[in-house]
Every structure is written in structure tokens, then in C-alpha cells.
Amino acid sequence: MSGKSETSVRAIVAARIQRALTWQGANLSKDRTKALRYYRGEKFGNESEGRSQIVSRDVAEVVDGMMPSLLRPFVGGDEAVRFEPKGPEDEAAAAQATEYANHVWNVDNPGFRVFHDWVKDGLLARVGVVKVWWEDREETTREEYSGLTAEEVQVLRLDPAVEIVESYQEREGKPDAPGMDSYCATIRRKARSGRIHVRNLPPEEFLIDGEHVSLDEKPFCAHRCRRTVSDLVEMGYAREKIEALSGDDSGAFDAGYERQERGRPEQSVVGSDGALDDSQREVWVSECYLRLDEDGDGIAEYRKITVAGDQAELILENEEVDDHPFAAWSPYPVPHKFHGESAADKLLDVQLTKSAILRQMLDNLYLINNARTEVVEGKVNLDDFLSSRPGGYVRVKELGAMREIVVPPVFQNAFPALEYLDAVRENRTGQTKYNQGLDANSLNKTASGINAIMNAAMLRLELIARIFAETGVRRAFRLILRLVVRRQDKARVVRLRNQWIAIDPRAWNAEMDVGVSVGLGTGNKDQQLGHLMAVWEKQVQALQLQGGPMGPLVSLANLYETAAHIVRNAGLKSSQGFFMDPSLTPPPMPPPPPPPDPAVIELQAKLAVENRRLDADIALKLRKHEDEIALKHMELTLKYGAPPPTGPIG
């Protein structure tokens, strides 16, 4: 069976890109641009000259108000996620993987900024996307040496990572002049390294087929961005082919003007530097992931195909892969649809209506303070009337020749309408005055009522945070685990918990479960603290009942776990500065024996003296008995003139 030709592959990829762009550019790109304009408080385009042009900032207020509560669970502690072992043999690896993955996220990458932009993209653009990938990099450094021996120069020549640019003897300054022992050398040293990169993708750079619902389906998705000719040539692609590609001025594959809209008003829309330097000309590069039966065996493989040019004119990469590097989330998911709703979508009509009411209120106030005047023609001096100054006078020919036109105020009708729209905003988003501390009358309400309102609002935010954790964060950290297990080919020494540890993930289980801890809001934190303190008290009582930490109910490890949760609940990074982990400390030395009782010591001394006296008496009696036996033996010898008979005596 023959596989597909390069031309056929390019045509398929180009068609899939065009389909995704068409679906995205139909309404999605326009809606995201509109949400960004509302967030910035820009004018609607229906303003009239001489009338109020104020714009309510509801979208910005709600989005910025939700950000702290949604970010706190993920950036307030030292562990955004925790890996769960698949079996008992994975316990130690899971604990180390948890610490290392969080290190990769927060130290190797700007973890807080990634979380911030990720959440904000979701709240404004319906979907926030993060890309997680492994990048091998080769760095070249130039080094100069002097005072080298011939043997040292030879060692440099044998090093495969070293290229000797020039070597010469110091005195004469000529390359490899004979007769000298001291050399100078200039070398280029190449070092290969690999690391994980985590970056936020602008919404318009991420493409997905509209028919797909989830990234777990391995759908057609792509990262489409603009790269300069210089960047592509530096990556190792043929210069002639890259320079022959069409530029970024073709509109066939452009999804809209989101990039230009995001750069306003500081950034003006100008052409690229390619007009002056062809190496800086930008071309479209699309890193696509799709199912494709390229080998013709009837089974579609999931492949990574990177193409360049507006019409996918050049294939840069084509390889089979297990998965794509993207993780995405939507704050208000819609069943059976990839793009859900954003917080901005729920507030666009509210902001427009509130702006209209505010404008009418201000116009009414302007008319009240600068009322129009009715004058009788020919009865009023118009020069005096048109010269408006404090304390001025107007000459009239008869009384009542001029009269102000009374404008009735509309505030009594406008304020209830604004309050109603604020209630609509709170009901749609869960962002209330109470959880922002903005309601001046909160003290006049019952504590239980305010607590119920805040808890209901926080449940809405907690739901959004749970969606973010389960759909976005979980997948991102699973990608990190898989990449370090499969791509990190040697141990790496990193600083974890104030200790330098060698991390070698090659023996880890790449399919460990990912658990994300989500705790939200002041009310929830206080409630959790109350539960933890109650558990702590019960544990202390159990320790007292069982007579120490070695009983069957509570151990020191249980106490430490509760203490660590209390510290993390307070928003502190680590519990090690407050409590010692019993698993990391050596077992305590046994307590010294109590001092002996003086009466016991005296009794022991008397016993020792008595024992010595008894031993002396026994020894004395034994010697007397032996002397008697010897004397008896001598008497028998003298009596019989021969040795005594054998056998017992007497």
C-alpha cells in the first residue's frame, strides 16, 4: 500500500486549516474583539456630539473582581497540583513528581503569569489556551585560554563538544609554532540542554475544528503564528525554500484583527520590517495535530505536521505523535461544544444598557444646570442675554419677557433601573458587593444573611475554579509529567524544600493521577480553618487517651498533616518553617533513666557488703575442710607406711 504524497498531505493540511479559520472567523473572532473593547471601556460608536459619552465598566469590574478569587487556590501555596500514586511502589515517586512538576511550573517557567493570563483569557475570550512542550537547545559559547600545555590542548581537541577556532604559542603568536610549551587557544563550546516550556497562546493563534468538543478527543488543532525568515533559517530549514514563501499580507488564512485590536491604542498598525530587511519578513507557520492515514494502511495515525506559508506551501515537520501539547479551559462550558461562554458574554448587554442610562442621567443633569431660556422676541436685549457672567444683568422691556424652560429630573427613575441592572449582573456572574467589601449597609444586615449571600456567591466562583482545575490545570500538569519521564535523559539537581536533590524521572510512572486542590474565598477558608482546628483538638485528645504518639488511633504523622493543612490554609508557602515533618527527622533518643533512689543505693551497698562477707566465710570454711582432708591423709600414710587406699575416706 502506498502512502500519501507530499502534495496530497499539504492539500489536506491546508484544507483543515482553512476550515478551522473559517469557523473561527465567522463570529468567534468578532465576539472576542468586542469583549476586549468592552473590557477597555471603549465607545460603542453610537455617540452624539455634545451629549454624554460615558461608558460603564461592568465587564472590567466583574473580570478583575473574579481574578483574585480564581487565582488564589493555584498560586497561594507551594503545590498547585498533587500526583497520586498508581500503586504502593509509586508512593515516593509521586511525592517527588509533585514537587518537581511544581518546580518546573513556577521556577523554570513564569507560573504566576501563566495562571493569570490563562484565567483572564478564559473570562474574556471564552477559551484560555496554554501550550506545554519540550525544547532541546544547543548553546554555543566562545572561550579563550592562555598558558596551556600541549597535553591540555590535545584534551581540548579530543572533546567532541569543543571546536578549536585557533591555537598558537604564546611567545611567537603564530599558529602551532614548534619549540614552545605554552599555548593560547580560542574555542567554541557547544552544550545541549532540554527543558519544558509553558506559554500562553493568544486566542487567535489557536485553531480547532468546530466539530470537536474536547481536547481529550485528539482533535484537529493547531498553533498558527507568524515567524520571521531569520527565525526559520536559524532553526535549520533551507534558506532558499523559506525565502520563497509568501508573506503575511495574504488575507486568505487570516482570522481577523484580534492581534491589532489587542495592541491598541499604544501600538499602531504598521507594516513589518520585511520592507527594509527581507530576513525580518514574516510568514505564517502552522504547527498542526491531526489524524491522517499517511502510510496507506487504512488506519489514521495522530501526527504532528508543521507547515509554512499562507497556503501550506512547505512542510517543515511530519512525525507521528501520541498527543498534542495544548491545555484549554472555558469558564462557562456549553455541553457538546468546545467554546463555552465568557464572563464578558454575560455582561455585554448590561454594560450597554447601563451606559445608556448613565448618559441620559448626565444629559439630564447638564440640562438642569444649563437650562434653556424662553425669550420674547424684541423684548430682551440679546447682547446682555448671550453674555453669561455671574452677577450680570439682562435688559428687558417688560417683566416676564424671559423664562427658563424647566427640565424635570430623571434620577428618581434612573437609579432603580441601575440597581436592577446591578442585580442582573450579580445573578449572572455571582460577583456581588458583599464578597468585594463594597456594601456600606452590610453591618445593618444579619450576619447569617450576609454569610448565606457570600457563600452562594463563592459557590459560583468555586465552580468556575473547579472547571479550570479539572479541564485545564490537570491536563497541563499531566503533559509536564509525561514530558519529563520521556524526554529528560539524565538526572537534574534542583533545590526543593531548601535541599539540593537529584531528580531522575525516568523510572516514574507517566500515567499517575493528577489531583488538583481547590479552596476558595475568605468564607471557605475560615470554615476550613474551623474544621481543621476541631480535628486538631480531637487528635490531641486521642493522643492523651492512648498515652503517647505510638497508639493505634493517632500518630505524629497525622498531627503533622493537620498542621501542614492549617499553614497552607493561611496562605503560607510551606509548613517546614513552623512544624518538623516526622518522616524527615531521625527518631528521638530514648529518655535518660531517672536518678536512683538513695534508699535503694544504701540497700544495694549493704547487700554488696553482706555478699562479700558470705563469700569470705564460704572460702574460709572451704579451706578448713581442705586442711582437714590433707591432715587425715598424712595420718593414714604414717600409720600404714603406704599411700592410703583409693576410694572415699571414712
Side-chain angles (χ1 to χ4, degrees), residues 24 28 31-32 35-36 39 59 62-76 80-82 101-102 105-106 109-133 198-210 212-219 221-223 258 289 323-346 429-431 459-482 513-520:
Q24 175 174 285
L28 182 60
D31 292 343
R32 291 194 298 223
L36 185 59
Y39 176 79
V59 172
V62 170
V63 170
D64 293 342
M66 295 171 72
M67 288 290 293
S69 297
L70 295 178
L71 285 175
R72 183 179 179 182
F74 303 99
V75 302
V81 302
R82 179 179 293 275
N102 285 277
W105 185 274
N106 293 307
N109 294 277
F112 172 79
R113 184 61 186 268
V114 172
F115 273 133
H116 177 276
D117 294 352
W118 200 2
V119 171
K120 202 160 193 175
D121 278 342
L123 295 177
L124 280 176
R126 298 184 181 174
V127 171
V129 182
V130 158
K131 183 179 180 182
V132 182
W133 77 100
V198 182
R199 294 292 182 271
N200 300 97
L201 295 189
E204 72 276 6
E205 291 187 2
F206 177 71
L207 304 181
I208 188 172
D209 196 313
H212 293 286
V213 177
S214 170
L215 288 178
D216 294 332
E217 300 176 356
K218 293 187 178 179
C221 52
H223 176 204
E258 291 184 64
Y289 296 83
D323 203 354
H324 57 79
F326 306 113
W329 85 292
S330 181
Y332 300 97
V334 176
H336 319 299
K337 186 178 179 182
F338 179 76
H339 288 86
E341 292 183 335
S342 67
D345 292 334
K346 298 180 177 295
T429 63
Q431 194 70 6
L459 285 176
R460 300 281 294 272
L461 290 175
E462 186 173 359
L463 175 61
I464 297 175
R466 174 60 62 186
I467 292 170
F468 177 52
E470 296 296 333
T471 60
V473 178
R474 179 187 294 273
R475 174 169 173 79
F477 276 81
R478 179 171 282 118
L479 289 173
I480 290 177
L481 178 62
R482 290 175 180 173
D513 294 330
V514 184
V516 186
S517 300
V518 178
L520 285 174

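Along the sequence shown, the residues carry numbers beginning at 1.
- To the nearest 0.5 Å, atoms NE2 (His116) and CG (Leu70) are separated by 11.0 Å.
- A distance-only check finds no donor-acceptor pair linking the side chain of Trp105 to the backbone of Phe477 [under 3.5 Å].
- Smallest separation of non-hydrogen atoms from Pro203 and Gln24: O-OE1, 4.1 Å.
- At distances below 3.5 Å, at least one donor-acceptor pair connects side-chain atoms of Asn109 with backbone N or O atoms of Val198.
- Between Ile464 and Trp329, some side-chain heavy-atom pair lies under the 4.5 Å cut-off.
- In this structure, CG in Leu479 is found 13.0 Å from CZ in Arg474, a value given to the nearest 0.5 Å.
- The structure places CG of Leu207 at 13.0 Å from OH of Tyr289, a figure rounded to the nearest 0.5 Å.
- In this structure, Val129 and His223 have side chains that are not in contact, with every pair of non-hydrogen atoms separated by 4.5 Å or more.
- Two residues are said to be in side-chain contact when any heavy atoms from C-beta on lie closer than 4.5 Å; Arg475 and Asp323 meet this criterion.
- Closest non-hydrogen pair, Met66 versus Ala343, comes out as SD-CB, 4.4 Å.
- Put simply, the side chain of Asp345 gets close to the backbone of Ser342: a donor and an acceptor are under 3.5 Å apart.
- Between Leu123 and Pro331 the shortest heavy-atom distance is CD2-CB, 4.0 Å.
- A side-chain donor-acceptor contact under 3.5 Å links Tyr39 and Asp64.
- For the atom pair CG (Asn200) and CZ (Phe115), the distance works out to 10.5 Å, reported to the nearest 0.5 Å.
- Atom-to-atom distance recorded for Arg32:CZ and Arg126:CZ is 8.5 Å, nearest 0.5 angstrom.
- Salt bridge annotation for Asp216-Arg478: absent, with no cationic side-chain nitrogen under 4.0 angstrom from a carboxylate oxygen.
- Between Asn106 and Val75, every side-chain heavy-atom pair lies at or beyond the 4.5 Å cut-off.
- With contacts defined as side-chain heavy-atom distances shorter than 4.5 Å, the pair Leu215/Phe338 qualifies.
- Residues Phe112 and Leu71 share a closest heavy-atom pair of CE1-CD1, 4.5 Å.
- Listed for the Trp118 side chain is a donor-acceptor partner under 3.5 Å among the backbone atoms of Gly128.
- Taken to the nearest 0.5 Å, the CE atom of Met67 stands 5.5 Å off from the NZ atom of Lys120.
- Residues Phe74 and Val81 fail the side-chain proximity criterion, which asks for heavy atoms closer than 4.5 Å.
- Below 30°, between 30° and 60°, or above 60°: for His324 and Phe326 the angle between ring planes is below 30°, a parallel geometry.
- Shortest non-hydrogen contact noted between Val127 and His339 is CG2-CD2, 3.3 Å.
- Shown here for Leu124 and Val63, the closest heavy-atom pair between the two residues is CD2-CG2, 4.2 Å.
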